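Please read the structure below before turning to the comments.
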Amino acid sequence: MFNRRKFLKASALSTALLAVNKNSFANDIQKSTSIKNQPIVISTWDFGVAANADAWKVLSKNGRALDAVEQGVWVPEADETNQTVGYGGLPDRDGRVTLDACIMDELGNCGAVLALEHIKHPISVARKVMEKTPHVMLAGDGALQFALEQGFKKENLLTPASEKAWKEWLKEAKYNPVMNIENKLYDKAAPQRLPGNQYNHDTIGMIALDAQGNLSGACTTSGMAYKLHGRIGDSPIIGAGLYIDNEIGGATSTGVGEEVVRNVGSFLVVELMRQGYSPEDACKEAVMRIIRKKPETAKNIQVGFLALNKKGEYGAYAIQKGFSYAVCDTKKQDLVIKGKSYY
Ligand code: SD4
């Protein structure tokens, strides 16, 4: 029979245990941060290597993690051969390149732009939203107007290669937004994204820990190719595509954003690390939530999480095989790791 006193005693005990766990993790962190911090930067996909290298230029000079992540993700944003981030990104179904990005610092400040057009570096506009306005997010025309007021240049972001791919798609115009070619199902749907093309991957999410022991993160993407105009994924949503808590760690995601938003994925990963999960286990549990809720959907989509904790430990987990991430620290500058996956 249900015994209220026993129940209260048991829940008080588990709260106490939780408090002990939490404190021991906090103590561990304190110990590790009292040692001089080793900077580290991690980011999604193989193209993260080049992005990390630029972030490292900041971190290796004792620079701030926030500057490192902004500078790092500029690399894929400016790379026209990368058709999933920034300039050269594949357009929406109306042929418009709309970009999503967000940034978060060690103080919990954050900024984001949603469906921003014509600006090559949406991450820097997101940073301006964070630093120059009392707001967190600006969308569409308002985001563009703000960017122009801040001195950003208006550019055409649709490159001939992306325009050609879109026109190919228009022939059938089948509304089957494609993402993550490592899932074979998408090879047929997106023949321009064939394996072997090192730039055929998606969003860049980057997290850095600087020599002062502070964390920051950035996430930037052109989103789903041929999406409905105005569709927003997880990438510019704080808590979904990116989350940083300077006491615990940071997380970011890539893949089908709708499932990440439904589960507030990156926030979940950070909260699991707060409970004592390792970065990889936290990412795995966040992936398992998606799989448990929608096992049939999950079979055919990719979602990957990547996390870094305050001690500089990192890990990742994805639904499908093929998710990779790049790591750069004092020991190795161009490490690419294949993330573990459920399938
Ligand atoms: C989105 N999560 O727009 C992004 C796209 C992505 O790997 O990350 N693809 O839903």
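Numbering of residues begins at 1 and proceeds along the displayed sequence. Order of appearance sets the numbers: ligands from 1, and atoms from 1 within every ligand. As the structure is a computational prediction, the values presented were derived from the model and not from experiment.
Checked against a 3.5 angstrom limit, the closest N/O atoms of Thr221 and ligand 1 fall outside it. Checked by distance only, ligand 1 and Gly233 stay at 3.5 Å or farther apart across all their nitrogen or oxygen atoms. Taking distance alone, with nitrogen or oxygen atoms compared against 3.5 Å, Thr203 approaches ligand 1 more closely than that limit. No N or O atom of Trp45 sits closer than 3.5 Å to an N or O atom of ligand 1. Between Ser253 and ligand 1, no N or O atom pair is found at a separation short of 3.5 Å.
Taking the six-membered ring where tryptophan is involved, the planes of Trp169 and Tyr226 are essentially parallel, since the angle between them stays under 30° and well short of 60°.
No cation-pi contact links Lys340 to Tyr317, judged by a cut-off of 6.0 Å to the six-membered ring centre and 45° from its axis.
When the options His118, Lys227, Glu117 are evaluated for a side chain to side chain donor-acceptor pair (under 3.5 Å) with Thr98, the one that passes is Lys227.
For Gln302, the closest heavy-atom approach to ligand 1 does not fall below 4.0 Å.
Every atom of ligand 1 with a heavy atom of Asp234 under 4.0 Å away is listed here by number and element: 1 (C), 2 (N), 4 (C), 10 (O). The contact set between ligand 1 and Gly223, taken as ligand atoms under 4.0 Å from a residue heavy atom, comprises 3 (O). In summary, the atoms of ligand 1 found under 4.0 Å from a heavy atom of Ser235, numbered by their order in the structure, are 2 (N), 4 (C).
Checked by atom type, the side-chain pair Asn82/Thr84 shows a donor-acceptor distance below 3.5 Å. No hydrogens or angles considered: nothing links the side chains of Gln320 and Ser341 as a donor-acceptor pair under 3.5 Å. Remark: the Thr203 side chain and the Trp45 side chain contain no N/O donor-acceptor pair separated by less than 3.5 Å.
Here the CZ-NZ distance, from Arg289 to Lys294, works out to 15.5 Å after rounding to the nearest 0.5 Å.
Neither the backbone nor the side chain of Lys227 comes within 4.0 Å of ligand 1, counting heavy atoms alone.
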